[in-house]
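As structure tokens, the structure follows; a few thoughts come after it.
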Amino acid sequence: MKRYKNAVYVGLPIFLIFAISIMLNAGWIHSFDSFFQNMVRSIPNLKDLMLKITLLAAPKVDLIWMVLIAVILWFKKMRPLATSIVLTLVSADAVGWIVKHLIQRSRPVGHLAIDDGFSFPSGHTLGMGIIVIWLMMVLIPKLVKNRTYRVWIDVVLVIWLVIVMYSRVYVLAHYPTDVCASFALALTWVGVAQICLKELAHKLWNVDIL
């Protein structure tokens, strides 16, 4: 339970700082975005690769990853975990949609036509962030007992998530602050969802499901 609370304590303040600053049109947001956008796009000729990466992390594809994980866990008799990943990702997508329509931030100039709608938060980063963080915080600690192996798996997952965030900025689908805030929201929501599921299971059935 402690790691889930820590996720909320770290993620929520960071997300709120980004969200409130964007709503207030704070000057530091523009400086942050300009600096990191120029840094990300300083490497030429990566567009085709970045588009392929962003496709693998599209919200609809995230749902496919979610279903695959859930189905495997269900048939492995790990049904509480299967339920956890489904509820966590689906509820996170709903929260992301609400935040998008509350803040209504326009996308960067030059974004692709396919990237319509609002910019904040990044749906790609939020969805993939939920999957990566859930694997790191919930599933992997239960399946992999060797600490060294867990560290290496976590490193690979984090690198993949960073690449996804990088790709969304590179193709001008999002500002750097969008993807950073989305990571913080994903971290927060994994923590919130697991705390709620654990408390619900304890009160209803007096069992520890996660």
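Basis for what follows: all heavy atoms, side chains included, without hydrogens, waters or symmetry-related copies. Numbers here are sequence positions counted from 1.
- Linking Ile, Leu, Val, Met, Phe, Trp and Tyr residues whenever their side-chain heavy atoms come within less than 4.5 Å leaves Trp152 and Leu135 in two separate clusters.
- For the residue pair Asn25 and His30, a side-chain donor N or O sits within less than 3.5 Å of a side-chain acceptor on the partner.
- Atoms OG and CH2, on Ser21 and Trp28 in that order, are 4.5 Å from each other to the nearest 0.5 Å.
- Shown here for Val86 and Met66, the closest heavy-atom pair between the two residues is CA-SD, 3.7 Å.
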query = Can you list the steps and then say if Leu81 with Ile85 is a side-chain contact (heavy atoms from CB on, under 4.5 Å)?
reply = CA-CA 6 Å; Leu81 289 172; Ile85 182 62; over 6 Å; no
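- The number of heavy atoms from other shown groups lying within 6.0 Å of CH2 (Trp160) is above 12.
- Checked by atom type, the side-chain pair Asp178/Ser122 shows no donor-acceptor distance below 3.5 Å.
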task = For Cys180 and Phe36, run side-chain contact (heavy atoms from CB on, under 4.5 Å): C-alpha distance rounded to whole Å, both residues' side-chain angles, the deciding distance at 0.1 Å, then the answer.
result = CA-CA 11 Å; Cys180 291; Phe36 284 102; over 6 Å; no
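- Side chains of Thr83 and Leu197 form no contact here, defined as non-hydrogen atoms less than 4.5 Å apart.
- The minimum heavy-atom distance linking His124 with Val164 is given by the pair O-CG1, 4.4 Å.
- Between Leu56 and Met128, every side-chain heavy-atom pair lies at or beyond the 4.5 Å cut-off.
- Using the six-membered ring where Trp is involved, Phe120 and Phe15 have ring planes that are parallel, under 30° apart on the 30 and 60° scheme.
- Each of Asn45, Leu49, Leu51 was compared with Lys47 under the side chain to side chain contact (heavy atoms under 4.5 Å, CB included) criterion, and only Leu51 meets it.
- Asp93 contributes no side-chain N or O that, together with a main-chain N or O of Gly127, makes up a donor-acceptor pair within less than 3.5 Å.
- Rounding to the nearest 0.5 angstrom, the gap separating the CG atom in Leu172 from the CE atom in Met50 is 13.0 Å.
- By the 6.0 Å and 45° rule, Arg107 does not stack over the aromatic ring of Phe118.
- Taking hydrophobic clusters as Ile, Leu, Val, Met, Phe, Trp and Tyr residues chained together by side-chain heavy-atom distances below 4.5 Å, Ile72 does not share a cluster with Leu143.
- Residue Leu46 comes nearest to Tyr170 through the heavy atom pair N-OH, 3.2 Å, listed as atom of the first residue, atom of the second, then distance.
- Using modelled atom types, one side-chain atom of Arg150 and one backbone atom of Val144 make a donor-acceptor pair closer than 3.5 Å.
- Taking both residues in full, the closest heavy atoms of Ala173 and Ser119 are given as O-OG, 3.9 Å, listed atom of the first, atom of the second, then distance.
- A distance of 16.0 Å separates NZ in Lys76 from CH2 in Trp74, rounded to the nearest 0.5 Å.
- When the side chains of ILVMFWY residues are joined at heavy-atom separations under 4.5 Å, either directly or via intervening members, Leu161 and Val10 end up in a single hydrophobic cluster.
- The two atoms that bring Gly96 and Leu126 nearest to each other are CA-CD2, 3.8 Å, heavy atoms only.
- Interatomic distance, CD1 of Ile29 versus CD1 of Ile20, reported as 11.0 Å (0.5 Å rounding).
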task = Determine, stepwise, if the pair Val179 / Phe183 fulfils side-chain contact (heavy atoms from CB on, under 4.5 Å).
result = CA-CA 6 Å; Val179 297; Phe183 170 78; over 6 Å; no
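- Considering all non-hydrogen atoms of both residues, Pro121 and Leu185 come closest at CG-CD2, 4.3 Å.
- We find the CE-CD distance between Met23 and Gln104 to be 10.0 Å, quoted to the nearest 0.5 Å.
- Summarising the hydrophobic clusters (Ile, Leu, Val, Met, Phe, Trp, Tyr; side-chain heavy atoms under 4.5 Å, direct or chained), the residues clustered with Trp97 are Ile98, Leu102.
- Ile133 CD1 to Leu157 CG: the interatomic distance, rounded to the nearest 0.5 Å, is 10.5 Å.
- The closest donor-acceptor contact from the side chain of Thr188 to the backbone of Leu12 lies under 3.5 Å.
- Taking hydrophobic clusters as Ile, Leu, Val, Met, Phe, Trp and Tyr residues chained together by side-chain heavy-atom distances below 4.5 Å, Tyr4 shares a cluster with Val192.
- Placement of Trp134 and Val158 within a single hydrophobic cluster is found when ILVMFWY residues are connected by side-chain heavy-atom separations under 4.5 Å, directly or transitively.
- Remark: side-chain polar atoms of Ser84 are not paired, donor with acceptor, to backbone N or O of Pro80 under 3.5 angstrom.
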task = Given side-chain contact (heavy atoms from CB on, under 4.5 Å), test Asp62 with Ile130 step by step and report yes or no.
result = CA-CA 9 Å; Asp62 290 339; Ile130 289 291; over 6 Å; no
